[in-house]
Amino acid sequence: MVLPDGAHRALPAGARAADLAAALGARLAKAAVAAEVDGVLVDLSTELSDGARVRIVTADSEDGRHVLRHSTAHVMAQAVCALWPGARYAIGPPIADGFYYDFELPGGEHFRDEDLARIDAEMRRIIAARQPFTREECSIEQGLALFADQPFKREIIEGVAAGAGDAELAGEAGGDRATVSLYRNADAFVDLCRGPHVPSTDRLGHFRLQRVAGAYWRGDEHRPQLQRVYGTAWESAAALAEHLHRLEEAERRDHRRLGIELDLFSFPDEIGSGLAVFHPKGGLVRRLMEDYSRERHAASGYEFVYTPHVTKSALFEESGHLDWYAEGMFPPMELDGDQRYYVKPMNCPFHILIYRSRQRSYRELPMRLFEFGSVYRYELSGVVHGLTRVRGMTQDDAHIFCTREQMGVEIERVLEFELGLLRDFGLSDFYLELSTRPPEKSVGEDDEWDEATAALEAAAKAMGLDLVLDPGGGAFYGPKISVQARDAIGRTWQMSTVQLDFQLPRRFGLSYVGADNGRHRPVMIHRALFGSVERFLAVLVEHYAGNFPTWLAPVQVRVLPVRDDHEAYAAEVAAALAAAGRRVEVDHANEPLGARVRRGRVEKVPYLLVVGDADVAAGTVGVNARGGERPERDVALGVFVERLADEVARRSAPEPVA
RNA sequence: GCCUGGGUAGCUCAACGGUAGAGCGUCCGCCUUGUAAGCGGUUGAUAGGGGUUCGACUCCCCUCCUGGGCUCCA
């Protein structure tokens, strides 16, 4: 055998992957869950052929966890079938951080939350029984016979027989078109599966069932809706605990929760799903974000425009939105007989009309039109989510009209601008994603697409960031680059998109007069940097766990007089800070200091200044920095004012603290 | 949209076919406080609309709102 490090290892004929692991070491043998032979993941029980390149897959690797999760899903199916005789089981793949399995229960029964505990207990019984996973292969006919009363399995087998790719996708069935593979657990259970699986259920056990959900068979809303159970599984108790802790952490940072706690925004039932109102504190943060964005846009050569929220249908007919986006739009208002008005889901057609309002010269290009444009989209009721998926939002939207020669440079400028802006808001870990032409449902000439894609790719590469391909993920009218940012706990968020568009300029008959005195078609670049202001605010809330950097914090400083005879000095301190442009409050001495300190911490105020006898006498303050362990006493007021001015001016982002 | 779980005071949660409670918050007193919850009082709720019932927060129907999910992009 050839090992990953190139070393050779001789084993007796007929040796299995497990024997190799044992030969390499007892610890490895214990940690092994599968093997990779010549690039293919297989069971440990697989016989090795002479000269094979073998890698032992351990439970603590990505591949290993994948196997663990798949096997755990399999055990779950066995448990469900034991508890609900006659249940039909569909697919149960591993997914990021876990697994699921879909079932159809007898009599149309549904899982309830309480069922999770029963399934869990049954799974642990199976695992304790140390059932081996035994692989078998059989013909299509045998498979169909074996799963005679399992319609979903039969459908997968038929898919394999037909050479369909989707069975492969589901990870459910093996190999070629003539045979399928099965795994048996003792005599108790058999499942169609490509594998590999752990050798025995005793390798499993660090799992947690998480929730029940409905899911359509094959994700198709026209097909039966199945009952899905989600779970997570890990190689050790510690890894499981760590994962559960990450989930708790994400929950603690949830912007919907912090939005209420910090009094930033709410979603009044009276207004409707996915429509937010911003309270004074959230409004303040939002205004600071928008003001800073405007400042940067102005400095970067954008011109500010305003456009209405509604329009006659003709505009969206001309743009084509009504042809391909109508289901995402709010229904029209009927006016003046048969005149239909729409609330806008996008700003681009309006900006185009500004461009088209008169003849344009090449000397005017690039023309960069910017607007905080409020748009409304009719998202399905089941998908609205906090501020990240809403029905009404404000995009920091701009459209750049330029020549084809200019587009490469413009895209680079946009990306640079974008990354700088995001960094100022404290995000610094990015990668780019390039989405190319969708195979179907797209318009335009191949050479245009190629040129546009090449321009985007070149600009993306110039940024020196990781570039991930998203084949076929572009819009119907052009390819796009999106900036993905990782937050403080490692989640990625899609931020901005930059899209190249040859289609709308054509649809709207846009032109400019070139140096040659001839008419030419401009290119449009669509770009939103925050994406939407609402969503970006949500990302910041979660990234900082509500601890906004001082420059964005609604209240930057709160002054706490120790007794009420320190009130006058507290007012002086507050006045000095306000004069320096800080947002400052005084929390009067009606309550014990400890209570006021606690409230300040809970409200995540960056600085709490305690002033007492010593401070009045010396002109100092006691500084409690948010997240700090202990207060810093006797800081001269002037020094603190300066320090804070510097922090705000630099927009320094704190280490995102808990 | 579909499946599923929910909606009780500003927030977090109780209760139950028979008077809807608590903590925090609000507001008012008292306390005068040096670093994560002083004391007392006060205010305040069954999402909306129908139905069943002597009686509905509770059971049924509709609407609205909401959590999770609807082939993971390891």
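Below, chains carry the letters A, B, ... as their sequence lines are ordered, and counting in each starts from 1.
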Look at the side-chain N and O atoms of A/Tyr230 and state whether any lies under 4.0 Å from the OP1 or OP2 oxygen of B/rC70. yes
Look at A/His566 and B/rU32 and indicate whether a side-chain polar atom (N or O) is within less than 4.0 Å of OP1 or OP2. no
Counting any heavy atom closer than 4.0 Å, what does [X] reach on the DNA or RNA strands: base, sugar-phosphate only, or nothing?
X	value
A/Asp102	nothing
A/Arg228	sugar-phosphate
A/Arg256	sugar-phosphate
A/Arg211	sugar-phosphate
A/Asp565	nothing
A/Val602	nothing
A/Glu591	base
A/Ser273	sugar-phosphate
A/Glu62	sugar-phosphate
A/Arg633	base
A/Gly600	nothing
A/Gly382	base
A/Val562	base
A/Gly274	sugar-phosphate

Pick from A/Val605, A/Val285, A/Asp263: which one makes a side chain to side chain contact (heavy atoms under 4.5 Å, CB included) with A/Pro554? A/Val285
Length of the line joining [X]:[atom1] and [N]:[atom2], which is rounded to integer Å:
X	N	atom1	atom2	answer
A/His243	B/rA74	NE2	P	16 Å
A/Asp587	B/rA37	CG	C1'	13 Å
A/Tyr569	B/rU32	OH	C1'	20 Å
A/Leu387	B/rG67	CG	C1'	16 Å
A/Phe267	B/rU66	CZ	P	8 Å
A/Arg257	B/rU66	CZ	C1'	16 Å
A/Arg218	B/rC3	CZ	P	22 Å
A/Gln210	B/rG68	CD	P	13 Å

Look at the aromatic rings of A/His74 and A/Tyr183 and report parallel, tilted or perpendicular, splitting at 30° and 60°. perpendicular
Geometric class of the A/His197/A/Phe133 ring pair [parallel <30°, tilted 30-60°, perpendicular >60°]: parallel
Cut-off 3.5 Å, side chains only: do A/Trp217 and A/Glu155 have a donor facing an acceptor? yes
When the nearest nucleotide of RNA chain B is assigned to A/Glu433 and to A/Gly594 on a heavy-atom basis, which residue is associated with the more 5' position? A/Gly594
Select from A/Arg69 and A/Val384 the residue whose nearest nucleotide in RNA chain B is closer to the 5' end of that strand. A/Val384
Donor-acceptor contact below 3.5 Å, side chain A/Tyr569 vs main chain A/Thr620: yes
Give, for atom CG of A/Asp254 and atom NE2 of A/His385, the distance between the pair rounded to the nearest 0.5 Å. 6.0 Å
Counting only heavy atoms from other residues, nucleotides and ligands, does the tally under 6.0 Å from CZ of A/Arg599 exceed 12? yes
Determine the Euclidean distance between corresponding [atom1] atoms of [M] and [N]; express it in Å to zero decimal places.
N	M	atom1	value
B/rA47	B/rG10	P	12 Å
B/rA37	B/rG25	P	12 Å
B/rU8	B/rC57	C1'	7 Å
B/rC24	B/rG41	P	12 Å

Is A/Glu249 salt-bridged to A/Arg246, cutoff N-O under 4.0 Å? no
Using only modelled atom types and a 3.5 angstrom limit, is any donor from either the side chain of A/Asp615 or the base of B/rG34 paired with an acceptor on the other? yes
Stems of at least 3 consecutive Watson-Crick or G-U wobble pairs (donor-acceptor distances under 3.5 Å) involving RNA chain B, listed by first number, are B:1-7 with B:64-70, B:10-13 with B:21-24, B:27-30 with B:38-41, B:47-51 with B:59-63
Kindly indicate whether a cation-pi arrangement holds for A/Arg391 with A/Tyr378, taking the cut-offs as under 6.0 Å to the six-membered ring centre and within 45° of the axis. yes
Quick one: closest heavy-atom pair of A/Arg596 and A/His588, and the distance? CD-O, 3.3 Å
